[in-house]
Amino acid sequence: MPKSSCPLETVFQNPAATFWPTPIWWWSGEPLEIDRLRWQMRRLAEGGVRNLVILNLAPAGPLYGKDADQPALFTEAWWMIFEQVCREAESLGVYLYFYDQIGFSGANFQGRLASRNPAFQARTLLRESRKVGAGDIVSLPHDSAPLAAFYRADPAAAPQQLKFEGHGVAAPAAGHVQVIGCQVHGFNYFSPEACQALLESVHGQFERHVGSYLGKVIVGSFQDELPEMPLWSDDFAGLFQKRFGYSLLEKLWELWEGDDARAMQIRVDYHTLRAELAETAFFKPFFDWHERYQLICGFDQQGPARAGELYGCVRLYADYVRTHRWYAAPGADLHGEAHIHRALADTYLRPRVWMEGFHSTGWGGTLEETFDWLVPWLRSGANLYNPHAVYYGTRGGWWEWAPPSTCFRQPYWRHYKSFARAVARSCHALTLGDHDCTTAVYYPTVAAQAGIAGGIAGGIAGGIAEHGITLAAASAITLHIRLKVPPQTHLTPGIPVTLRVSNGPHILTEQSVDPRGHPRIKFVFRPLADQVRWLAGSWHVSVFYAYCTQGHGSVCRPSHLRWVVPVALAAHGAHRVDLRP
């Protein structure tokens, strides 16, 4: 992190306003009244709440037991109230974040756009695979589009591509037939035009209605549970051919089958293109919009990606580290992990790490208990505390949403400012100075991409599961780097280090048993090994391997590797990382 000119003593005496608790202020439960909103803002500011995330729970209709929000989101009446709240916040010295409604939401911006423009609709992959007799018909649903079909006389035989007749194929003889198609599913995050329309529908509205407050009173936005990136699109096959120089349709079966280097390369290429298209169309323009106004965006994405679980990260977002580097405050809620997001923030020099907590813990939690819950997150690297709830209304206690409401409704409110100051001191202090990083853990995105496709474990991943060990654990290759240079020296973007598999993956495998009798399988991508040799000229480097003994089909979360701090490295660039015991 860049060094701060603010000494630690000053931070403890007067932490900056942006480090005080930043609760979600739910504009739901009862009709909005500006005088009531102003009263609540004054009470919150007096209690040490210096930042608020404005979020509508039911923006387009009844949801989660409550009536539609009044006034409805983005109506002229709503914007009039929002602008008045901005004015009040400016007078109180309170900062605002807006919620973008792109993820967890009833606003359905993506659905509305896709219904008006079919080009904005994404596709998902469908696969029907089974043993057949001569002449048997294997078909896809009638609302799908056929892509490719393959026949093999036996599992060891080379596949023969079949021609579709309608939505099905006839088996030429007894054997195995696999038919693959696609079906409309979700929003096309691969399309720059679709994503531009989405940004215009949300972020463009804030530009037009409250643009003068952006970067001043409005300091950021929050995104929660972004939908998964598509598995297919109408132009995906053509873009793949152009990008990698071969036809994916001719090899489509290898997304699910095959454990040789060619099959794994096809799967890596497939997920690489998913990540590249989403990054270009959505993530980078999203980041650029926030940069234009010097805003930060925090997030808590879908589980299990929020916890850094390898399979979930690839299935949902193709390359979690690559796509989510385009946020200024990566993070998670209490069901996630801070380590991977702290590392992601450090890698790209982002000073803040989001922590959304602690929803659904009930009304009875005390400030002491809340601080006890928060401390492990601070120790893991989070430094922007986002309490889940301050409710505008509860309808006299008849309605609530994932309680508690940590506000003036609580008996401890008169003490909240002391709690808020302790949070602000801790969060501000954790952004000072540089992190002394002596260990780097390689987050094996490419290894996961080589083993899965379409959310289906297959090939090498399935083979490992049979040994009672998952790819997430087996391929958690780590680089233990002992610095020979001063501790403030890091792997920074200026150093030409890459962990990308450019001509692979050529995988070296070894199965063995460690002294304690645990199975161990290691995967070393040759370009990674080349980088290890390059690093050895300036660094003491050793490579060691993670293993998991949780049994068949289990998923090894980074937090289970207790003997090393789990951090993420981008699988395609140079790195700066953070480590905490």
Side-chain angles (χ1 to χ4, degrees), residues 23-42 44-45 51-92 94-117 120 187 193-224 285-286 289-290 292-295 297 389-395 399 401:
I24 296 172
W25 191 16
W26 295 90
W27 280 16
S28 299
E30 298 174 81
L32 298 180
E33 298 173 358
I34 187 60
D35 288 341
R36 186 177 178 184
L37 289 165
R38 287 181 176 133
W39 180 88
Q40 290 189 5
M41 290 181 72
R42 288 194 292 270
L44 291 167
N51 310 274
L52 290 164
V53 181
I54 295 174
L55 200 163
N56 280 79
L57 177 64
L63 193 65
Y64 293 106
K66 86 157 293 289
D67 298 332
D69 294 334
Q70 301 178 50
L73 179 70
F74 288 2
T75 59
E76 286 305 314
W78 189 91
W79 282 115
M80 183 179 300
I81 289 174
F82 190 90
E83 195 276 335
Q84 290 176 302
V85 165
C86 287
R87 257 186 281 159
E88 184 70 16
E90 188 172 35
S91 69
L92 293 172
V94 169
Y95 296 105
L96 302 177
Y97 292 72
F98 66 87
Y99 182 66
D100 63 25
Q101 298 284 343
I102 289 176
F104 171 85
S105 174
N108 195 27
F109 286 117
Q110 294 96 316
R112 296 178 189 179
L113 289 169
S115 66
R116 293 197 296 266
N117 189 337
F120 293 175
F187 187 74
E193 294 77 19
C195 294
Q196 179 57 42
L198 178 60
L199 290 175
E200 178 64 22
S201 297
V202 180
H203 299 73
Q205 294 265 39
F206 285 91
E207 285 181 309
R208 290 187 291 275
H209 289 91
V210 289
S212 62
Y213 293 102
L214 294 175
K216 300 172 185 176
V217 175
I218 302 171
V219 296
S221 72
F222 176 51
Q223 184 177 97
D224 193 26
F286 180 89
W289 186 89
H290 285 80
R292 189 185 315 150
Y293 295 103
Q294 296 184 312
L295 307 178
C297 180
V390 166
Y391 299 130
Y392 168 76
T394 65
R395 295 176 62 183
W399 177 83
W401 166 244

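The chain is numbered in sequence order, starting from 1. Since this is a predicted model, take the numbers as computed values, not measurements.
- In this structure, the separation between CG on Leu55 and CD1 on Ile24 is 5.5 Å, given to the nearest 0.5 Å.
- Atom CD of Gln294 is surrounded by 12 or fewer heavy atoms from other residues, nucleotides or ligands within 6.0 Å.
- Remark: Ser91 pairs with Glu88 by the side chain to side chain contact (heavy atoms under 4.5 Å, CB included) rule, at least two apart or across chains.
- In this structure, CD1 on Ile54 lies 12.5 Å from OH on Tyr97, to the nearest 0.5 angstrom.
- For Tyr99 and Phe104, the distance between ring centers is not under 6.0 angstrom.
- Between Glu207 and Trp289, the side chains place a donor N or O and an acceptor N or O closer than 3.5 Å (distance only, hydrogens not considered).
- Within 6.0 Å of atom CZ in Arg36, more than 12 heavy atoms from other residues, nucleotides or ligands are found, so the atom counts as buried in its surroundings.
- By the 4.5 Å heavy-atom criterion applied to side chains, His203 and Ile102 are counted as neighbours.
- Remark: side-chain polar atoms of Tyr392 are paired, donor with acceptor, to backbone N or O of Glu33 under 3.5 angstrom.
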Pair Ile34-Val85, side chain to side chain contact (heavy atoms under 4.5 Å, CB included): steps then yes or no: CA-CA 8 Å; Ile34 187 60; Val85 165; 4.0 Å; yes
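- Between His209 and Phe74, the gap from one ring centroid to the other reaches at least 6.0 Å.
- Listed by chain and number, the residues in a salt bridge (charged side-chain N to carboxylate O under 4.0 Å, His left out) with Arg116 amount to none (sequence neighbours excluded).
- Considering CG of Asp67 and CG of Leu57, their distance stands at 11.5 Å, rounded to 0.5 Å.
- Applying the side-chain hydrogen bond (donor to acceptor under 3.5 Å, both in side chains) test to residues at least two apart or on different chains, the pairs with a partner in residues 104-113 are Gln101-Ser105, Gln110-Tyr189.
- Closest approach of Gln40 and Trp25 over heavy atoms only: OE1-NE1, 3.0 Å.
- Atom CD of residue Glu83 and atom CZ of residue Arg87 lie 4.0 Å apart, to the nearest 0.5 angstrom.
- For the pair Pro23 and Leu52, the minimum side-chain heavy-atom distance is below 4.5 Å.
- The nearest pair of heavy atoms linking Glu90 to Tyr213 is OE1-CE2, 3.8 Å.
- Rounding to the nearest 0.5 Å places CG of Leu44 at 10.5 Å from CG of Leu37.
- Closest of all the heavy-atom pairs between Val217 and Val94 is CG1-O, 4.0 Å.
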Stepwise ring-ring contact (aromatic ring centres under 6.0 Å, His included) test for Phe187 and Phe109: CA-CA 10 Å; Phe187 187 74; Phe109 286 117; over 10 Å; no
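- Every residue two or more places apart in sequence or in another chain that forms a side chain to side chain contact (heavy atoms under 4.5 Å, CB included) with Ser221 is listed here: Phe98, His290, Cys297.
- The shortest non-hydrogen separation linking Val210 to Ile218 is CG2-CD1, 3.7 Å.
- Every residue meeting the side-chain hydrogen bond (donor to acceptor under 3.5 Å, both in side chains) condition with Asp69, not counting sequence neighbours, appears here in chain and number order: Ser28, Asn56, Lys66.
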Audit row: Gln205, Leu73, side chain to side chain contact (heavy atoms under 4.5 Å, CB included) steps and yes/no: CA-CA 11 Å; Gln205 294 265 39; Leu73 179 70; over 6 Å; no
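- Applying the side chain to side chain contact (heavy atoms under 4.5 Å, CB included) criterion to Ala389, with sequence neighbours excluded, gives Trp26, Tyr391.
- Here the closest heavy-atom approach between residue Gly106 and residue Ala60 is recorded as O-CB, 3.5 Å.
- Considering all non-hydrogen atoms of both residues, Leu295 and Gly215 come closest at CD2-N, 3.3 Å.
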